[in-house]
Amino acid sequence: MVLVLVGIILIPFYWTGSILILIGAFVGFSGTGCEVDTKKQRVRACQLLFGLIRSGDWIGTDNFQGIRVVRTTRSYRTFSLSNRTMETKQEDYRVVLEAASPRSRIEVMKCSSKETAHEKAGELAKALGMKFLET
């Protein structure tokens, strides 16, 4: 966002400010997501370019075994110059479409509590006509 702001300030003076705006918008607004089409029974993991353009291939839900809730823990460790270590853990629950191997599963949504994840997974399983796989 800083690049976008600097680019906007520089545009009246230098045309290269537009390059800063493009780079900042790409980095600031791009991300990943997942779309589910319940009417056509398909799903796609997509990349959001500039937050507007979605790219990714649609996959039919018949390629998946069911829907599962998975607990995810991510930890980060920081070392300081004074020989101190700080470790941070983030834990959440993900609703995933389970395939034949764990590498080919698709994460559909992220929830902060187990109850919310189970509720959302049950609703999605009913809408897609799939099995809800217990953990």
Side-chain angles (χ1 to χ4, degrees):
M1 299 310 296
V2 172
L3 289 176
V4 173
L5 183 64
V6 170
I8 290 172
I9 292 170
L10 288 178
I11 260 211
F13 307 109
Y14 304 104
W15 65 270
T16 55
S18 60
I19 296 172
L20 288 178
I21 292 173
L22 284 174
I23 293 171
F26 181 76
V27 172
F29 297 117
S30 295
T32 59
C34 182
E35 283 185 301
V36 179
D37 187 0
T38 56
K39 293 178 183 170
K40 294 184 180 179
Q41 304 290 319
R42 60 186 186 165
V43 65
R44 77 171 169 177
C46 58
Q47 300 291 324
L48 299 169
L49 305 173
F50 296 102
L52 300 172
I53 304 166
R54 294 184 173 124
S55 65
D57 296 328
W58 288 100
I59 303 170
T61 57
D62 53 344
N63 297 334
F64 299 99
Q65 299 170 352
I67 295 176
R68 184 183 306 263
V69 174
V70 178
R71 187 180 92 190
T72 306
T73 303
R74 294 183 185 213
S75 60
Y76 305 95
R77 185 175 293 172
T78 306
F79 299 99
S80 69
L81 292 175
S82 62
N83 243 2
R84 294 185 183 159
T85 304
M86 185 177 91
E87 189 169 331
T88 306
K89 289 187 179 182
Q90 293 177 345
E91 187 173 291
D92 56 25
Y93 295 89
R94 311 267 170 123
V95 177
V96 297
L97 289 173
E98 194 70 49
S101 69
R103 297 189 89 200
S104 58
R105 70 170 55 154
I106 294 180
E107 292 182 2
V108 178
M109 77 177 65
K110 179 171 77 169
C111 301
S112 57
S113 70
K114 188 174 185 178
E115 294 79 24
T116 306
H118 277 281
E119 180 182 316
K120 298 286 186 183
E123 291 173 8
L124 188 60
K126 184 183 279 187
L128 291 174
M130 298 178 73
K131 292 188 296 184
F132 178 68
L133 304 171
E134 293 295 326
T135 358

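Index from 1, following the sequence.
Qualifying ring-ring contact (aromatic ring centres under 6.0 Å, His included) partners for Tyr14, counting only residues two or more places apart in sequence or in other chains: none. With sequence neighbours excluded, the residues forming a side chain to side chain donor-acceptor pair (under 3.5 Å) with Arg94 are Asp92, Glu107, listed by chain and number. Taking the side chain to side chain contact (heavy atoms under 4.5 Å, CB included) definition, one finds that Lys39 meets it with Asp37, sequence neighbours left out. Residues forming a side chain to side chain contact (heavy atoms under 4.5 Å, CB included) with Arg105 (at least two apart in sequence, or on another chain): Val70, Val96, Glu98, Pro102. Residues that satisfy the salt bridge (Lys or Arg N to Asp or Glu O under 4.0 Å) test with Arg77, not counting sequence neighbours, are Glu87. Remark: Thr88 engages no residue in a side chain to side chain donor-acceptor pair (under 3.5 Å) (not counting sequence neighbours). With sequence neighbours excluded, the residues forming a side chain to side chain donor-acceptor pair (under 3.5 Å) with Ser80 are Ser82, listed by chain and number. Under the rule for a side chain to side chain donor-acceptor pair (under 3.5 Å), Ser75 has no partner lying at least two apart in sequence or in another chain.
Met1 belongs to a hydrophobic cluster whose remaining members, ordered by chain and number, are Phe29; membership requires side-chain heavy atoms of ILVMFWY residues under 4.5 Å apart, directly or through intermediates. Other members of the hydrophobic cluster containing Leu5, listed by chain and number, are Ile9; membership follows side-chain contacts under 4.5 Å among ILVMFWY residues, whether direct or relayed. In the hydrophobic clustering, Ile8 connects to Val4, Ile11, Ile21, either directly or through intervening members, whenever side-chain heavy atoms lie under 4.5 Å apart.
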Practice prompt. Could you walk me through whether Leu124 and Val108 pass the side-chain contact (heavy atoms from CB on, under 4.5 Å) test, one step at a time?
Written response: CA-CA 10 Å; Leu124 188 60; Val108 178; 3.7 Å; yes

Worksheet item: Between Leu133 and Ile67, is a side-chain contact (heavy atoms from CB on, under 4.5 Å) present by the stated rule, with each step listed?
Response: CA-CA 6 Å; Leu133 304 171; Ile67 295 176; over 6 Å; no

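Ile53 is not listed as a side-chain neighbour of Gln47, based on a closest heavy-atom distance of 4.5 Å or more. The shortest distance between side-chain heavy atoms of Tyr76 and Gln90 falls below 4.5 Å. You'll find the side chain of Asp62 stays beyond 4.5 Å of the side chain of Gln41, heavy atoms only. Between Gln65 and Lys131, the closest side-chain pair of non-hydrogen atoms is not below 4.5 Å. Residues Cys46 and Thr32 have side chains not in contact (no heavy-atom distance under 4.5 Å, counting atoms from C-beta outward).
Nearest heavy-atom pair, Phe50 versus Leu22, reported as atom, atom and distance to 0.1 Å: CE2-O, 3.7 Å. Smallest separation of non-hydrogen atoms from Ala127 and Thr38: CB-CG2, 3.9 Å. The two residues Leu49 and Phe26 make their nearest non-hydrogen contact at CD2-CE1, 3.9 Å. Shown here for Glu91 and Thr73, the closest heavy-atom pair between the two residues is OE1-OG1, 3.6 Å. Here the closest non-hydrogen pair linking Leu3 and Gly24 is CB-CA, 3.8 Å. The two atoms that bring Ala117 and Tyr93 nearest to each other are CB-CB, 3.8 Å, heavy atoms only.
Side chain of Ser18 to backbone of Trp15: a donor-acceptor contact under 3.5 angstrom is found.
A centroid separation of less than 6.0 Å is found between the aromatic rings of His118 and Phe132.
Cluster membership for Leu128 and Trp58, using ILVMFWY side-chain heavy atoms within less than 4.5 angstrom, is not shared.
A distance of 6.0 Å separates CD1 of Ile106 from CG of Leu97, quoted to the nearest 0.5 Å. To the nearest 0.5 Å, the span separating CG on Leu48 from CG on Leu52 amounts to 9.0 Å.
Judged as a salt bridge (Lys or Arg N to Asp or Glu O under 4.0 Å), the pairs with a partner in residues 7-36 (not counting sequence neighbours) are, in order, Glu35-Arg44, Glu35-Arg54.
Environment of CZ in Phe13: sparse, with no more than 12 heavy atoms of neighbouring residues, nucleotides or ligands closer than 6.0 Å.
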